[in-house]
Amino acid sequence: MNDSVAIDAKRILLRYGAPITVLDKVPEAKRIEFARAVAKTDLPKREKFLRGLLEEGGFIQTAD
């Protein structure tokens, strides 16, 4: 992968609420996949959508 794509993907995910400690555990290819999905989501829904992706991927747990 191109480094600039990976860097931009990380920036997008951080912008929409992904904790940096969580992103360090997410593989680069998944970060890019998540960022592309988030970019296609309506702006007001992006943060919640990203949290859902991270939960589904097992990178974060919900506090029930």
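Residues take their numbers from the sequence shown, with the count starting at 1. Keep in mind the model is a prediction, meaning the values are calculated, not measured.
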For this session: State the CD1-CD distance between I7 and E28, to the nearest 0.5 angstrom.
Result: 9.0 Å
Problem set entry | Rounded distance (nearest 0.5 Å) linking atom CD1 of I60 with atom NZ of K25 | 10.5 Å
With a 3.5 Å cut-off and sequence neighbours excluded, list the donor-acceptor pairs that the side chains of residues 39-51 form with protein atoms.
residue, atom, partner, partner atom, Å
T41, OG1, A37, O, 2.9
R46, NE, V38, O, 3.2
R46, NE, T41, O, 2.8
R46, NH1, Y16, OH, 3.0
R46, NH2, A39, O, 3.1
R46, NH2, T41, O, 3.3

For this session: Consider only side-chain heavy atoms of I, L, V, M, F, W and Y, link residues closer than 4.5 Å, and tell whether L54 and I32 are in one cluster.
Result: no
Exercise. Transitively linked via ILVMFWY side-chain contacts under 4.5 Å: L53 with L14?
Worked result: yes
Exercise. Going through the checks in order, is the side-chain contact (heavy atoms from CB on, under 4.5 Å) test met by F59 and L23?
Worked result: CA-CA 8 Å; F59 299 107; L23 281 184; over 6 Å; no
Problem set entry | Pair listing, salt bridge (Lys or Arg N to Asp or Glu O under 4.0 Å) test, anchored in residues 9-22, at least two apart | D8-R11, K10-D24
Exercise. Which residues pass the side chain to side chain donor-acceptor pair (under 3.5 Å) test with R31, sequence neighbours left out?
Worked result: none
